[in-house]
Asker: 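One structure, pasted below without further comment.
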Amino acid sequence: MKKIHYIYILLFLSVFKVEAQSLNWSEVLYGNLKGLQANNIKSLQLKKGSKVIRSIEVDSQKRQIIAKDSLNINYFDFDTNDQLVSLRSIKNNRQEKLELNYKESQINALSRFIDHEDFSYYNKFSKFIFQGKSYETKETYRFDKIKNDSTEVFRTQYIFNESNPDLSYEEIYRNGKIWEKKYFNDTEVKKEKFDGYYTVDSTLQKDYKRTKFHFENYPDHQIIKIEKDSVLTINKKSGKKISEKLEYASLPFKEIFYDENENVKEKIVYFNYRNSFNEIILWEETKYDGNGKLVSRKFPNKKIYKLKNGILVFRKKTTRHIISCGSGYPFRNKSVLTYYPQFYSSSILFTTKLANNFSDNFDIYAIDEEEEIIYSYLDFKDDAMVTKNYSASKDVKDELRSTSRNIRRKDRYVLKYFDGIKVEAETISGKKYTIDLVQNPELLSFAIYTFLIKD
């Protein structure tokens with residue numbers, strides 16, 4: 001019996017060993033779950049006088065930290081490696097959830113879900129490595145709660161073929177109207193749905209030559225185009241051919257019209273020649289009936305040109321006017337989309353005032369990226385570092401470090417944010433500790449989970 005009591009006392013002492021000494025405030029203030037658990041923290045309060053500015057609750061069983069201030073409630077969930085896997089933010093009538101997936105400690109997927117009283121929105125980005133190259137899949141879904149209908153559905157994914165990589169492809173889906181497949185061998189297929197009809201476009205790459213096929217399907221007729229060096233357009237009605245047209249460089253070469261039995265009823269042959277400026281010009285239009293008998297001949301440009309030795313030359317009374325517009329720089333018409341940053345921290349130190357100032361100092365116009373969401377884990381201290389990221393370029397990391405340095409200038413940082421402010425800590429056993437932040441400036445470091453979202 002004495003042995004059992006002895007074991008119980010040892011267990012009790014091991015659980016509350018930390019309370020026999022002062023807390024490791026560096027770990028407590030930094031805000032990661034591992035440090036808070038090591039110090040047996042139950043809750044933290046950031047106070048100015050009797051006013052609570054921010055509070056932290058620790059749920060070790062759920063591996064969760066809950067941060068509250070006057071505007072937000074944030075739930076941070078961590079895996080067994082102390083990595084952030086989920087962040088849920090609640091503000092007014094809007095809830096946002098961000099999730100991260102890891103592969104070998106590297107972030108390979110990121111998702112975002114917004115739940116609003118009027119709508120819900122979800123998108124996810126995942127990265128895969130195939131034959132040494134990175135590929136990203138995307139998924140977007142938006143649902144209008146008022147209309148009770150989805151307003152946006154987009155998905156792009158990759159299907160990899162290990163045995164024959166050329167047959168791997170990217171698959172794209174948009175709002176139930178567009179389906180696309182882009183094969184790694186440059187073959188492409190696209191189906192697009194319109195009101196009352198649909199089109200199918202495909203591109204075939206073979207022996208360094210590209211052939212394009214275009215198909216339009218209407219209730220009462222179909223159009224088929226085959227494009228190589230020339231373009232062949234076939235019109236059908238009720239499954240039967242009614243006409244064909246062959247073009248080259250946007251100029252007609254031949255047209256054939258068919259009767260209801262698909263017999264030739266009319267044929268037009270076009271003769272095109274080059275002029276002295278090497279331009280291809282329509283010269284003659286010859287029409288035949290279904291038996292091959294000549295019906296008519298037309299020369300639409302006879303008043304301008306005359307044919308001499310196979311070349312079209314201008315008639316003497318014709319003057320060619322050439323207008324010079326001068327040279328200039330091409331204008332790139334680009335939709336301007338900027339990032340708006342979202343900064344979160346599970347640290348008791350990350351007040352609304354500090355978060356807003358971080359946003360104000362971060363130069364969104366210094367970021368010019370293609371990604372829709374960029375994530376960075378910022379170690380906010382004197383030598384700020386980005387220790388984990390998803391699609392964060394050097395420019396993003398440099399701007400985060402620059403913002404950190406600007407905010408942490410010694411002459412203003414401590415007094416501006418923490419003058420007159422203390423932290424109260426309560427452990428699992430109910431024991432309480434207090435620290436004056438201004439008196440301990442070397443401890444004022446924490447992690448910031450940064451999400452740049454393109455708007």
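Computed over heavy atoms, backbone and side chain alike; hydrogens, waters and symmetry mates excluded. Numbering starts at 1 and runs along the sequence shown.
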Asker: Give me the ring orientation class for W179 and Y173: parallel if the planes are under 30° apart, tilted from 30 to 60°, perpendicular past 60°.
Answerer: perpendicular

Asker: Check this for me, if you would: do E424 and K47 make a salt bridge, where the nitrogen-to-carboxylate-oxygen distance has to be below 4.0 angstrom?
Answerer: yes

Asker: State, to 0.1 Å, how close F446 and L354 come at their nearest heavy-atom pair, and which atoms those are.
Answerer: CZ-CD2, 3.4 Å

Asker: What class does the angle between the rings of F76 and Y449 fall in, given that below 30° is parallel, 30 to 60° is tilted and above 60° is perpendicular?
Answerer: tilted

Asker: Checking ring pair (Phe, Tyr, Trp, His ring centres under 6.0 Å) between F380 and each of F350, Y30, Y417, F358, which is the one that passes?
Answerer: F358

Asker: Flag this pair as yes if the NZ/CZ of R88 is under 6.0 angstrom from the six-membered ring centre of Y75 and inside a 45 degree cone about the axis; otherwise no.
Answerer: yes

Asker: Any salt bridge between E370 and K454, counting N to O under 4.0 Å?
Answerer: no

Asker: Answer yes or no: is there a donor N or O on one side and an acceptor on the other, between the side chain of N389 and the main chain of A392, under 3.5 Å?
Answerer: yes

Asker: Please name the pair of heavy atoms, one in L71 and one in D69, separated by the smallest distance, quoted to 0.1 Å.
Answerer: N-OD1, 2.8 Å

Asker: Does R112 make a cation-pi contact with Y121, if we ask for NZ or CZ under 6.0 Å from the ring centre and within 45° of the axis?
Answerer: no

Asker: Are a donor atom and an acceptor atom from the side chains of E255 and S243 found within less than 3.5 Å of each other?
Answerer: no

Asker: Holding to side-chain contact (heavy atoms from CB on, under 4.5 Å), I want the full list of residues that pass it with Y135, two or more places apart in sequence or in another chain.
Answerer: F130, K133, Y158, F160, F184

Asker: Start with the C-alpha distance between E188 and K190, add both sets of side-chain angles, then the distance that settles salt bridge (Lys or Arg N to Asp or Glu O under 4.0 Å), and finish with yes or no.
Answerer: CA-CA 7 Å; E188 298 180 14; K190 177 182 178 182; over 6 Å; no

Asker: Can you tell me if Q342 and Y344 form a side-chain donor-acceptor pair at under 3.5 Å?
Answerer: yes

Asker: Atom OG of S346 and atom CG of N74: how far apart are they, to the nearest 0.5 Å?
Answerer: 10.0 Å

Asker: Regarding E244 and K254, does a basic nitrogen lie under 4.0 Å from an acidic carboxylate oxygen?
Answerer: no

Asker: Got a salt bridge between R94 and E117, using NZ or NE/NH1/NH2 to carboxylate O under 4.0 Å?
Answerer: no

Asker: Crowded around Y248 OH? As in, over 12 foreign heavy atoms under 6.0 Å?
Answerer: no

Asker: Going by atom types only, do Y122 and D115 share a side-chain donor-acceptor pair under 3.5 Å?
Answerer: no

Asker: At what distance, to the nearest 0.5 angstrom, does CG of D186 lie from NZ of K206?
Answerer: 15.0 Å

Asker: Could you check whether atom NZ of K124 has more than 12 heavy atoms from other residues, nucleotides or ligands sitting under 6.0 Å from it?
Answerer: no

Asker: What distance do L84 atom CG and I107 atom CD1 have between them, rounded to the nearest 0.5 Å?
Answerer: 8.5 Å

Asker: Might you point out which heavy atoms bring A384 and L378 nearest each other, and give the distance in Å?
Answerer: CB-CD1, 4.1 Å

Asker: Does K181 make a cation-pi contact with Y169 (under 6.0 Å, within 45 degrees of the axis)?
Answerer: yes

Asker: Decide, yes or no, whether a salt bridge links K147 with D149 under the criterion of side-chain N to carboxylate O below 4.0 Å.
Answerer: no

Asker: Check whether more than 12 heavy atoms from other residues, nucleotides or ligands sit under 6.0 Å from atom NZ of K225, and answer yes or no.
Answerer: no

Asker: Using modelled atom types and a 3.5 Å cut-off, is there a donor and acceptor pairing between side-chain atoms of N440 and backbone atoms of D436?
Answerer: yes

Asker: Using the ring of F78 (Phe, Tyr or Trp, six-membered ring only), decide whether R63 places NZ or CZ under 6.0 Å from its centre and within 45 degrees of its axis.
Answerer: no

Asker: Which distance, rounded to the nearest 0.5 Å, do you find between the OG1 of T199 and the OH of Y218?
Answerer: 8.5 Å

Asker: Cation over ring, K191 on Y198, under 6.0 Å and within 45°?
Answerer: yes

Asker: Surrounding CZ of F194 (heavy atoms of other residues, nucleotides or ligands, distance under 6.0 Å), is the total greater than 12?
Answerer: yes

Asker: Establish, yes or no, whether the cationic atom of K138 lies under 6.0 Å from the six-membered ring centre of F125 and within 45° of the ring axis.
Answerer: no

